[in-house]
Amino acid sequence: MLIKRFTASLILLLVTFTASFAASNEDPALKAWSHETSATTKEGDQSITIKATYYSNDYVNALVNSEAERNLWTADEMENYKYALLKNLNLAECIPFRIDMYVRGTPLYAGPFDKRFTLRIGGRKYTPVDYDKRFNFKILGARDGMIYFPRYDPKTGKDVLEGARDIRLIFDGSISHALAGRGDVLWVWDLTKDRGKIAGGRAADRLEADRLIKRSAKIKADREALQQQIDALNKEYDEVNARIDELQSN
């Protein structure tokens, strides 16, 4: 994964704190992109609350603005925070979600956590490309972290969100006693309510430059690999034809 673990941990601490701050002030732009589900067993031996937050363009813009207003940041400080946030969320390549869980009573064992989630966009299903590995361990009390899905279809290379009207995140309810009776949990986000794109500026330009540099390096590596194949084929072609000429001259 392209995300640097140490740096990601630092920035996601900021994300966690900012999200909590915004929630406490009931910021509607932030609250609108979170869905929460709670359930308890009939016996009361386990209860679970799980919240999923989709990092839409609207949500990211509100997150940055909320933090900038709270800290009275200058324009440069705001751009630096936005760049760090966008980079560590890896929005150029992934669709990130934040998962908050709270379990009481019987502990929850959700590992391997990535196998518990499916993202549906249109008629296609996608599985996570990365996630917070702490979710693989026993969960009792609060646990939170990130989960990432591919932004580009591995077969077609197209942006999976292009033209989509909604996205559906599915959580396997069978792993929890409290959720088992109701089946899988389904959260739906209406993409038509996502206002525009993430605000531009130097942060967006730097992120785009980072993406293009990585893309350029990959194209160069692919081109060199293809050139090696072409060179090998040319060499074999020359050897075959030289042998044909040798045989025909006898």
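Keep in mind that this is a model prediction, so the values were computed, not measured.
Annotation: side chain of M146 is not in contact with side chain of D130 (no heavy-atom distance under 4.5 Å). V160 has its side chain out of reach of Y152: every pair of non-hydrogen atoms, C-beta onward, lies at least 4.5 Å apart. In this structure the side chain of I95 never reaches within 4.5 angstrom of the side chain of Y55, judged on heavy atoms. Within the 4.5 Å cutoff, the side chain of Y81 has heavy atoms near those of the E67 side chain. Counting heavy atoms from C-beta outward, R243 and V240 have side chains that stay 4.5 Å or more apart. With contacts defined as side-chain heavy-atom distances shorter than 4.5 Å, the pair T49/E36 qualifies. Side-chain contact between R151 and L161 is present, with heavy atoms from C-beta onward closer than 4.5 Å. Within the 4.5 Å cutoff, side-chain heavy atoms of L179 are placed close to those of V185.
Taking 4.0 Å as the cut-off between side-chain N and carboxylate O, R124 and D153 count as a salt-bridged pair. Between R98 and D100 a salt bridge is recorded (basic side-chain N to carboxylate O distance below 4.0 Å). Classification of K235 and D231 as a salt-bridged pair fails, no side-chain N sitting under 4.0 Å from a carboxylate O. The pair K42-D45 fails the salt-bridge criterion, with no side-chain N (NZ, NE, NH1 or NH2) lying under 4.0 Å from an Asp/Glu carboxylate O. Salt bridge D222/K220: absent, no basic N to carboxylate O contact under 4.0 Å.
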Does N80 form a side chain to side chain contact (heavy atoms under 4.5 Å, CB included) with Y83? I'd like the steps, not just the answer.
CA-CA 5 Å; N80 288 335; Y83 172 72; 5.7 Å; no
Which is it for I99 and F117 under the side chain to side chain contact (heavy atoms under 4.5 Å, CB included) test, yes or no, and what are the steps along the way?
CA-CA 11 Å; I99 305 298; F117 282 89; 4.0 Å; yes
Could you go through D144 and R134, starting from their C-alpha distance and side-chain angles, then the distance that decides it, and tell me whether this counts as side chain to side chain contact (heavy atoms under 4.5 Å, CB included)?
CA-CA 9 Å; D144 61 79; R134 293 179 305 133; 4.1 Å; yes
Decide side chain to side chain contact (heavy atoms under 4.5 Å, CB included) for V129 and C94; before the verdict, give the C-alpha distance in whole Å, the side-chain angles of both, and the deciding distance to 0.1 Å.
CA-CA 8 Å; V129 294; C94 296; 3.9 Å; yes
Step by step, work out the salt bridge (Lys or Arg N to Asp or Glu O under 4.0 Å) result for D114 and R116.
CA-CA 5 Å; D114 58 329; R116 311 304 181 185; over 6 Å; no
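The heavy-atom pair separating S47 from A178 by the smallest distance is CA-CB, 4.5 Å. Summarising the geometry of A164 relative to L191, their closest heavy-atom pair is O-CD1, 3.6 Å, with the distance given to 0.1 Å.
When the shell of 6.0 Å around CD of Q227 is examined, it contains more than 12 heavy atoms from other residues, nucleotides or ligands. Within a 6.0 Å radius of CD in E162, other residues, nucleotides and ligands contribute 12 heavy atoms or fewer.
Each of Y59, Y131, W189, F171 was compared with F97 under the ring pair (Phe, Tyr, Trp, His ring centres under 6.0 Å) criterion, and only W189 meets it.
The line from CG of N65 to CZ of R70 is 13.5 Å long, rounded to the nearest 0.5 Å.
In this model, a donor atom of one side chain and an acceptor atom of the other lie less than 3.5 Å apart for S174 and D172.
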